[in-house]
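In what follows, a single structure is set out as structure tokens and then discussed.
For the numbers below, each heavy atom of this structure counts, side chains included, while hydrogens, waters and symmetry mates do not. Below, read A as the first sequence line, B as the second, and so on, with proteins coming before strands; counting in each chain starts at 1.
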Amino acid sequence: MSDESQEQQQLDENKLIAERRRKLKELREAGQAFPNDFRRDSLAADLVALYQDYDAERLEQEAVPVRVAGRMMAKRVMGKASFVHIQDMSGRIQLFLRRDDLPEGVYQDFKGWDIGDIVGAEGVLMRTKTGELSVKCTQLRLLTKSLRPLPEKWHGISDQETRYRQRYVDLLVTEESRRTFILRSRIVQYIRTFLNARGFLEVETPMMHPIPGGATARPFQTHHNALDMPLYLRVAPELYLKRLVVGGFEKVYEINRNFRNEGVSTRHNPEFTMLEFYQAYADYHMLMDLTEELLRALAVEVVGSETISYQGETFDFGKPFTRVSVFDAILQHNPEITREELSDLESARRLCERLNIEIKDSYGLGKLQLEIFEKTTEHKLREPTFVIDYPVEVSPLARPKDDDPFLTDRFELMVGGREIANGFSELNDPEDQAERFRAQAREKAAGDEEAMHYDGDYIRALEYGLPPTAGEGIGIDRLVMLLTDSASIRDVLLFPAMRPEASKV
RNA sequence: GGGCCGUUAGCUCAAUGGUAGAGCAGUUGACUCUUAAUCAAUUGGUUCGGGGUUCGAGUCCCUGACGGCCCA
């Protein structure tokens with residue numbers, strides 16, 4: 001943000017903020033307005049859970065002392081007594097304040113504090129007449145003055161744009177949003193635990209690539225000043241991870257960001273998180289088995305059931321996932337398409353024309369089949385389905401099938417009509433890989449900005465010998481969308497990509 | 001990139017082309033067990049920006065910005 005627009009942000013003031021600034025000024029005049037010497041000893045939800053079986057009498061007898069802190073989310077003043085809800089990372093707890101329980105003057109000060117202010121409280125646990133666990137306060141301090149009013153307490157923020165742009169406010173007031181991001185963290189945590197338990201080594205490979213590779217996608221380009229060379233933000237970590245398998249790290253994985261310079265939509269963000277893992281002496285069948293096991297366990301871990309509900313649909317991760325080839329899937333879901341017209345270059349071209357698919361002369365039969373699949377079939381695959389046998393033409397890093405060199409040992413996992421994972425037995429024949437790179441380079445020279453570069457060092461690595469290996473990528477954002485029932489990728493990204501805010505001149 | 005929809009007080013929302021309102025929040029007062037506390041009074045507006053039509057525009061037209069949904 002430019003200095004100028006930051007200035008404008010500062011001008012985004014109103015009487016409510018002015019009133020709070022006045023209060024802050026008084027705090028400054030009275031001493032340290034931003035103290036950092038209060039220490040809490042308990043979290044709100046922990047206390048509520050721990051003491052759920054204690055009745056009012058028992059709490060009074062035991063007089064459990066606690067120190068809690070958090071943001072004031074509700075404030076009900078009734079003369080010389082008040083109730084406050086504070087919210088911390090764990091949840092909420094009520095404070096019960098009486099003028100005569102607090103040191104001289106504190107209650108009077110408190111009455112001037114605002115919802116959104118951050119306070120620290122000390123007292124003993126009690127249960128109110130209505131049965132709510134509360135802290136009967138003997139000390140109360142304002143720790144941080146909040147200058148901006150929070151959204152309306154009942155409706156919260158309904159404006160999507162504000163929720164995305166000011167996620168800090170969204171997280172404060174939207175329980176659903178908090179839940180989603182906590183689950184996201186648990187999902188990633190679980191995946192790490194799952195892979196670590198199976199002997200995988202977590203690694204970090206470069207995000208800035210001299211030669212972008214590992215996926216057919218447009219990269220972001222940047223420039224390194226000291227080295228005076230172009231660098232690309234990675235579109236995939238694949239080629240580096242396989243170099244590590246060459247180096248003897250036979251089971252590796254990486255969970256981190258990829259960057260693709262493409263459109264923004266409810267399913268695409270320019271930076272997104274990918275899990276990629278590679279296992280030597282394994283093939284794509286083993287990966288499919290592992291993926292089923294992982295998703296089933298994740299559903300139970302996160303949703304509490306092997307059946308998940310997504311945007312009104314139900315998907316069952318408990319039963320074995322369907323496995324069907326690209327070719328058969330097209331035929332099964334499109335009775336009007338025949339085996340013959342799908343098997344011949346010329347008739348496949350005519351089919352594309354009929355389906356309003358834009359094609360180029362350079363497309364071979366494999367690319368045409370994939371285009372037809374994506375247009376006619378992909379969105380129809382709702383229940384978890386492994387689509388297998390992708391054409392070699394559209395799989396430049398995958399191993400050809402032993403019994404059909406037109407196809408590869410590759411699968412994609414579809415759930416709800418969307419690609420969740422992509423895996424294959426790796427192409428470890430350096431001469432074949434070199435030839436495929438050359439074919440990609442020709443595509444690039446012909447104007448395909450998504451085509452791959454020739455990566456000489458990767459070929460060199462393969463020439464040392466990549467053991468027979470299988471590898472897979474799982475889109476974490478889309479997986480989190482599924483498991484948290486989120487309609488848009490922006491709902492599972494803390495700070496989704498947005499255009500700059502309209503200037504408020 | 002195309003289509004549709006949206007942008008009004010800090011927030012959530014109203015307002016036949018005819019004086020821009022309500023609830024919450026804020027301010028002042030009352031109230032020592034409340035739960036969206038309650039009661040009384042009260043402050044608060046560049047109606048997203050620019051242009052146009054009109055006696056008169058939040059409302060109609062054009063244009064731009066940002067966002068949402070759908071399609072490619």
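By the 30° and 60° cut-offs, the orientation of the rings of A/W113 relative to A/F110 is perpendicular. Using a 30° and 60° split on the angle between ring planes, A/Y390 and A/F373 fall in the perpendicular class, above 60°.
When the nearest nucleotides of RNA chain B are assigned to A/A81 and A/H85 by heavy-atom distance, the more 5′-ward of the two goes with A/A81. Each of A/D114 and A/A74 lies near RNA chain B, and the nucleotide nearest A/D114 is the one positioned closer to the 5' end.
Atoms CE (A/M78) and P (B/rA37) sit 10 Å apart, rounded to a whole Å. For A/F83 and B/rU38, the CZ to P distance is 14 Å, given to the nearest whole Å. Rounded to whole angstrom, the span from the CZ atom of A/R127 across to the P atom of B/rU34 amounts to 16 Å. Computed from coordinates, the A/I115 CD1 to B/rU27 P distance equals 10 Å when rounded to whole Å. Regarding A/R20, its CZ atom lies at a distance of 9 Å from the C1' atom of B/rG10, rounded to whole Å. Here B/rA37 presents its C1' atom at 17 Å from NZ of A/K80, a figure rounded to the nearest Å. When the C1' atom of B/rA36 is taken as reference, atom NZ of A/K75 falls 16 Å away, rounded to whole Å. Rounding to whole angstrom units, CG of residue A/L125 and C1' of B/rC33 are separated by 16 Å.
The partner of B/rC11 is B/rG23, judged by Watson-Crick or G-U wobble contacts that both fall below 3.5 Å. For B/rU53, there is no paired nucleotide, since no Watson-Crick or G-U wobble pair has both relevant distances below 3.5 Å. Checking B/rG44 for Watson-Crick or G-U wobble geometry (two distances, each under 3.5 Å) identifies no partner in any strand. Base-pair partner of B/rG1: B/rC71 (Watson-Crick or G-U wobble, both distances under 3.5 Å). Applying the Watson-Crick and G-U wobble criteria (two distances, each under 3.5 Å), B/rU34 pairs with nothing in any strand. B/rC66: Watson-Crick or G-U partner is B/rG6, with both key distances under 3.5 Å. Summarising the base pairing, B/rC39 is matched to B/rG29 through a Watson-Crick or G-U wobble pair whose two defining distances lie under 3.5 Å. Remark: B/rG17 base-pairs with no nucleotide; criterion is Watson-Crick or G-U wobble with both hydrogen-bond distances under 3.5 Å.
Rounded to the nearest Å, the gap between the P atom of B/rU19 and that of B/rA57 is 12 Å. Using P as the reference atom, B/rC11 and B/rG26 are 15 Å apart when rounded to the nearest Å. B/rU54 and B/rU59 have their C1' atoms separated by 13 Å, with the value rounded to a whole Å. Comparing the same atom, P, in B/rG44 and in B/rU32 gives a spacing of 32 Å after rounding to whole Å. For the C1' atoms, the distance linking B/rG6 with B/rG49 amounts to 16 Å, nearest Å. Look at the C1' atom in both B/rG10 and B/rA25: the space between them is 7 Å, to the nearest Å. Separation of the C1' atoms belonging to B/rG58 and B/rC13 is 14 Å when rounded to the nearest angstrom. Taking the P atom of each, B/rC31 and B/rU43 are spaced 24 Å apart, rounded to whole Å.
Each of A/R21, A/K145, A/K75 was compared with A/D114 under the salt bridge (charged side-chain N to carboxylate O under 4.0 Å, His left out) criterion, and only A/K145 meets it. Just one residue in the list A/Q332, A/E412, A/M414 forms a side chain to side chain contact (heavy atoms under 4.5 Å, CB included) with A/L381, and that residue is A/M414.
Checking B/rU32, B/rC13, B/rA25 against the side-chain heavy atoms of A/S158 singles out B/rC13 as nearest. When distances are taken from the side chain of A/E152 to each of B/rU34, B/rC31, B/rG23, the shortest belongs to B/rG23. Taking only side-chain atoms of A/N14, from C-beta outward, the nucleotide of B/rG10, B/rC11, B/rC33 with the closest atom is B/rG10. Comparing atom distances between the A/I157 side chain and each of B/rG10, B/rC33, B/rU12 picks out B/rU12 as nearest. Taking every side-chain heavy atom of A/W154 into account, B/rA36 is the closest of B/rC33, B/rA36, B/rC11.
Put simply, the side chain of A/E393 gets close to the backbone of A/K367: a donor and an acceptor are under 3.5 Å apart. In terms of modelled atom types and a separation under 3.5 Å, the side chain of A/D448 and the main chain of A/E450 share a donor-acceptor contact. The backbone N or O of A/E122 sits less than 3.5 Å from a side-chain atom of A/T138, completing a donor-acceptor pair. A donor-acceptor pair under 3.5 Å links the side-chain atoms of A/R167 to the main chain of A/L493, judged by distance alone. Without hydrogens or angle criteria, A/D316 side chain to A/E383 main chain gives no donor-acceptor distance under 3.5 Å.
In terms of phosphate contacts, A/K153 brings a side-chain nitrogen or oxygen within less than 4.0 Å of OP1 or OP2 of B/rA37. Contact between the side-chain N/O atoms of A/R76 and the OP1/OP2 oxygens of B/rA37 is found at a separation under 4.0 Å.
Contacts of A/K23 with the nucleic acid, taken as non-hydrogen atoms under 4.0 Å apart, involve only primed sugar atoms and P, OP1 or OP2. A/M73 comes within contact range of no nucleotide atom at all, as no heavy-atom separation falls under 4.0 Å. Counting any heavy atom pair closer than 4.0 Å across all strands shown, A/G156 reaches sugar-phosphate atoms only and no base atom. A/V173 comes within contact range of no nucleotide atom at all, as no heavy-atom separation falls under 4.0 Å.
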With B for base contact, S for sugar-phosphate-only contact and - for none (protein heavy atoms under 4.0 Å), nucleotides 67-72 of chain B reads SSSS--

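For A/R67 and A/F38, the positive end sits near the middle of the six-membered ring, less than 6.0 Å away and at most 45° from its axis.
A salt bridge links A/R354 with A/E341: at least one charged nitrogen is closer than 4.0 Å to a carboxylate oxygen.
Scanning atom types as modelled, no donor and acceptor separated by under 3.5 angstrom connect the side chain of A/E132 and the base of B/rU34.
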